[in-house]
Amino acid sequence: MQEKDKFSPRPFDWFAPISSLKGVGSKITEKLTKLQIHCVGDLLLHCPHRYEDRTRLTMIQDLVADQNAVVQGKIIQVKLEGRQKKRAIITIEDSSGVLGLLFFHFHQSLQQRYEVGKIIRCFGQVKISMKGKQIIHPECEIIEENQPMPANLSAVYPTVAGLSQYWLRKMIYRLLKDYTQRYQNQMDNFAQMLTTDIPMLSWLDALNTIHQPLPDANIEQLTQKNHPAYMRLITEELLSHHISLQQLKTSAKARQAIAFQLEESILEDFLSRLSFKLTDAQKRVLSDIRKDMATNAPMLRLVQGDVGSGKTIVAALASLAVIANKKQVAIMAPTEILAEQHLQQFNTWFAPFGYRCELLSSKLKAKAKRSILENITMGLTQIVIGTHALFQDDVEFQELGLVVIDEQHRFGVHQRLSLHAKGNTARTPSFAHQLIMTATPIPRTLAMSHYAHLDISIIDSLPPGRQGIITLTVPQKRQSEIVERMKVVCASGQQAYWVCTLIEESEILECQAAQTRCEELQALLPFRVGLVHGQMDKDQKESVMRDFYQGKISVLVATTVIEVGVNVPNATLMVIENPERLGLAQLHQLRGRVGRGTQASFCVLLYQSLSETAQARLKIMRETCDGFIIAEADLEIRGPGEVLGVKQTGDISFKVADLLRDKALLESLPVWSQKLNALPNSHIERMIQRWGVGAHFAQA
Ligand code: ADP
Ligand code: MG
C-alpha cells in the first residue's frame with residue numbers, strides 16, 4: 001500500500017467538501033465547520049498554535065513529574081474498574097520500569113485493542129504519587145515492535161470539544177502526504193516572484209514545515225507566525241484579498257455610468273448662497289469627485305473626514321452635478337434621525353432651486369409610501385434620502401445617477417453594491433456613481449486591505465474658527481459639579497448633551513436610564529431638558545430634535561442614537577455616562593457633536609470605576625481629538641473586526657493573516673500584486689478561491 005501510494009498519488013481535490021473525506025461524518029463535519037474548515041484544503045490551512053517534541057522516547061525510570069514525555073512499553077496488565085467497567089488502568093513496562101496509564105472512559109472497542117502483550121507508545125503528562133508513575137488519559141497508539149519514532153515535531157491544533165488532537169493530526173498529516181506527493185514536482189511561481197522581496201518557503205515546503213517541522217526548526221518563529229513558511233501563506237492570503245478587491249474595482253469600473261459635468265455657473269450660484277466658504281480640503285475632495293463623475297466609468301470614492309469636517313456639503317455638491325443634469329440621487333444614512341436631518345439640510349440648500357428632496361422612511365404608512373415611491377419612479381423627486389429602506393426592491397428610480405452612502409462602516413460590501421446597481425434597470429442601463437462618506441478614520445492598514453476597491457479622498461482639516469474640544473474624565477460621584485457647570489453653560493445661552501450609554505446590551509434598559517436621568521436633571525436645572533431614545537416613535541423624536549435645533553430645549557438627554565451626524569453648533573458641552581462601555585471611535589463620534597461652532601467646547605467622560613485598560617483608553621480621548629490617532633489606538637485595542645464593524649456585515653475574515661501582526665506587509669501589497677500579474681489568470685483565481693475570498697465578492 002505504501003509503495004503504491006508513492007507512485008500513483010490519489011487525486012487531490014482542494015475544494016471538495018470536507019464531508020467527502022473518509023471518516024468524516026455529519027458530527028465531525030459540524031465540529032470542523034466551527035473551526036471554519038469547510039473544504040478539504042481548509043484542513044491544510046488549519047495551522048497549529050504550538051508544537052510538541054515527540055521525536056524521542058523517555059525510559060520509564062527517567063520520567064520526571066509533571067513533564068510531558070513519550071513512553072513505549074509492553075502491556076502487562078489491563079485492569080477494569082468501576083460499576084460499568086469504564087475506568088481502566090493499563091500497566092506497561094519497558095526495560096527500566098513500569099508505568100500506569102489511566103483512562104476514565106474506556107470503551108469496549110478499546111478493550112479489544114489494548115491487550116496484554118501488545119506494544120503501546122503513548123504521550124502525556126507524568127504524575128508521580130504513592131501509586132507510582134502514571135499518565136492520565138495519554139494519547140496512545142498500538143505499534144509494531146520496531147516502529148520508527150516520528151522525525152518531526154508534532155503539531156497541536158486549535159480545536160473544539162469532541163475533536164481530538166490525535167484525529168486532527170492524523171487527518172492533516174495524511175492529507176498533507178497525499179497533497180505533497182501529488183504536487184511535489186510543481187514549481188511555486190508565486191514564491192519565486194516574491195522571495196526577493198520577502199524571504200519565504202515554497203508552498204509545499206511551507207505547509208510541510210508548518211504542520212510537521214523538523215526538530216531543529218525555529219519553533220519560536222513558527223509559533224509567532226513570522227517564519228518564512230508562514231510568510232508564504234500570509235502574503236498569499238493578503239494578496240488574495242487585495243487582488244479580489246482590485247478585480248471588484250476593475251469590473252465595477254468597466255460598467256457604464258452617466259458622465260456628469262457640473263457647470264461652473266451653477267456651482268457658483270449654489271456656493272454663493274451658503275453661509276460659509278468651502279475649505280481647501282473640501283475643494284480638493286470636490287475636485288476629485290467632479291473628475292470621477294465626468295467620466296462614463298462609475299465613481300467608487302470613499303471620502304474620509306473627521307466628524308465636523310463638513311462632508312455633507314461635499315455630498316450636496318456632488319448631488320448638484322447630477323440633479324442639474326436631470327438625474328436622481330439616493331442618499332443613505334445609517335439611522336432614521338440622521339436621514340431626517342439630512343432631509344432638513346438638503347431642503348434648505350435645494351428647495352430654493354425648486355428641487356424636491358424626500359425621505360423614504362421605513363416607518364411610513366402604506367399610502368404615504370406609495371405616493372413617495374411614485375414620485376421617485378416618475379422622476380418628480382430628485383433627491384431621495386433614507387436608511388435601509390432604500391435597499392428595498394420596490395424602490396424604482398427613473399434614472400439614478402448617484403448613490404451617496406453616509407457613515408459607510410455600518411454597511412457591508414454587498415449592501416453597497418446592491419445600491420450601486422439600483423441605477424441599472426431595464427429602462428436605464430447605466431450604473432450609478434457611488435460616493436461613500438465615513439467619519440470613522442480608517443487606519444492606513446485597513447485601507448490597504450479592505451478598501452482597495454475604492455478611491456479615497458480625505459478632508460483633512462476642519463472649517464476655520466473651531467475651538468477644539470477639551471475632554472475631561474470625572475468620577476460619577478462628582479456629578480453634582482458637572483450639573484452646576486451645565487447650569488452656567490445653559491445660562492449663557494449655549495446647549496448641552498447628556499448621553500446615557502448602553503446598559504448591559506439592552507436598548508430598553510438604556511432608554512429607561514435616560515428617562516430617569518432626564519427627570520433628575522429637569523428637577524435640578526431651571527432650563528428645559530428634552531429626551532430622545534430609540535424606543536420613542538419618529539414623531540416624538542423628531543419634535544424633540546427640532547426643539548433642540550431651534551434652541552427651545554437647552555439640555556438633550558439621549559441614548560447613543562445621536563452618535564452620528566446630528567448637527568447643533570450651539571451645543572458646547574457633552575456629558576457621556578459610562579464612557580468605558582463604548583469603543584474609542586464611537587466616543588470620538590459622540591464627542592464630535594460638540595465643538596461645531598466657534599465657542600470652546602467640553603466633553604466630560606463621567607465614569608463609575610475604571611480598569612487599567614479603560615483608563616489608558618480614556619487617556620487617549622483626553623489627549624487627542626485627532627480621529628486618525630484614535631482609530632489607530634482603537635485598532636490596537638479592539639482589533640480590526642470591531643473597528644470596521646465587520647461583525648455586523650461579515651465581510652472579511654482571515655484564515656492565517658492578522659492585520660495587526662502583519663501590518664508591515666500591507667504596504668507592499670500594491671507592488672506585489674503588480675508582480676503577480678505575470679501569473680496566469682487561472683492561477684490567481686484558484687488562489688483567491690483557496691482563501692475563501694472569491695465567494696464573498698462573487699456577486700459584485
Ligand atoms: P460631518 O463631516 O461630520 O458630516 P457636517 O457636514 O455635518 O460634518 O458639517 C459640520 C458643520 O460644519 C455644519 O454645521 C456645516 O454647515 C459646517 N460647515 C461645513 N463646511 C464648512 C465650512 N467650509 N466652513 C464653515 N462651516 C462649515
Ligand atoms: Mg455627517
Side-chain angles (χ1 to χ4, degrees), residues 267-268 270-287 289 301-320 331-350 383 385-387 404-411 435-442 456-469 494-495 497 545 548-551 560-572 574 585-599 601 603 625-628 630-631:
L267 176 63
E268 289 305 320
F270 191 92
L271 290 178
S272 68
R273 294 174 194 233
L274 293 179
S275 58
F276 52 80
K277 283 200 161 52
L278 294 186
T279 60
D280 287 343
Q282 285 169 322
K283 283 185 196 158
R284 195 165 24 75
V285 172
L286 178 64
S287 128
I289 292 171
R301 186 165 293 277
L302 177 75
V303 172
Q304 241 173 280
D306 214 342
V307 274
S309 63
K311 293 182 292 295
T312 318
I313 185 65
V314 172
L317 294 169
S319 307
L320 181 64
I331 296 182
M332 193 161 67
T335 65
E336 202 78 20
I337 284 198
L338 188 58
E340 287 159 22
Q341 192 187 312
H342 277 329
L343 178 74
Q344 198 190 350
Q345 180 73 82
F346 274 64
N347 265 328
T348 41
W349 284 330
F350 288 104
I383 298 182
I385 301 173
T387 58
V404 178
I405 303 179
D406 195 5
E407 312 292 353
Q408 106 333 306
H409 64 284
R410 305 216 173 173
F411 301 112
L435 181 64
I436 299 166
M437 303 193 298
T438 179
T440 306
I442 298 162
I456 299 182
S457 300
I458 302 176
I459 306 183
D460 54 7
S461 63
L462 296 178
R466 299 274 168 85
Q467 288 268 334
I469 306 163
Q494 293 167 18
Q495 291 165 282
Y497 293 100
M545 288 308 291
F548 190 61
Y549 299 142
Q550 295 175 352
T560 43
V561 294
I562 61 158
E563 181 195 345
V564 266
V566 189
N567 185 35
V568 180
N570 190 43
T572 58
M574 169 168 288
Q586 207 184 354
L587 280 173
H588 179 65
Q589 294 271 323
L590 273 173
R591 180 171 62 179
R593 298 310 104 207
V594 294
R596 306 194 136 229
T598 48
Q599 314 275 2
S601 292
C603 175
C625 273
D626 183 327
F628 279 84
I630 288 169

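Counting begins at 1 with the first residue of the sequence. Counting starts at 1 for both ligands and their atoms, following the listed order.
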Are any of the side-chain heavy atoms of Val285 and Met437 separated by less than 4.5 Å?
no

Criterion side chain to side chain donor-acceptor pair (under 3.5 Å) on Gln494 and Thr572, from CA distance to verdict
CA-CA 7 Å; Gln494 293 167 18; Thr572 58; 2.6 Å; yes

At under 4.0 Å between heavy atoms, which part of Leu278 makes contact with ligand 1: side chain, backbone, both or neither?
backbone

Any nitrogen or oxygen of Lys311, main chain or side chain, under 3.5 Å from a nitrogen or oxygen of ligand 1?
yes

Considering the heavy atoms of Thr312, write down every atom of ligand 1 situated less than 4.0 Å from one of them.
4 (O), 5 (P), 6 (O), 7 (O)

With atoms numbered from 1 as shown, which atoms in ligand 1 lie under 4.0 angstrom from a non-hydrogen atom of Thr279?
23 (N)

Could you walk me through whether Ile313 and Trp349 pass the side chain to side chain contact (heavy atoms under 4.5 Å, CB included) check?
CA-CA 9 Å; Ile313 185 65; Trp349 284 330; 3.7 Å; yes

Is it true that Arg284 and Asp460 make a salt bridge, defined as a side-chain N closer than 4.0 Å to a carboxylate O?
yes

How does Arg596 reach ligand 1, by side chain, by backbone, by both or by neither, if only non-hydrogen atoms under 4.0 Å count?
side chain

What one should report as the nearest heavy-atom pair of Lys311 and Val303 is CD-O, 4.2 Å

Criterion side chain to side chain contact (heavy atoms under 4.5 Å, CB included) on Val568 and Arg593, from CA distance to verdict
CA-CA 7 Å; Val568 180; Arg593 298 310 104 207; over 6 Å; no

Note: ligand 1 atoms sitting under 4.0 Å from heavy atoms of Ser309 are 2 (O), 8 (O)

Do the side chains of Leu317 and Leu271 get nearer than 4.5 Å, heavy atoms only?
yes

Would you say Gly308 has any N or O atom under 3.5 Å from an N or O of ligand 1, going by distance alone?
yes

Sub-3.5 Å N/O-N/O distance, Gln345 and ligand 1:
no

Per atom 9 (O) of ligand 1, closest listed option by heavy atom (Gly305, Gly595, Ser275, Gly310)
Gly310

Lys277: numbered ligand 1 atoms lying under 4.0 Å from its heavy atoms:
22 (C), 23 (N), 24 (N)

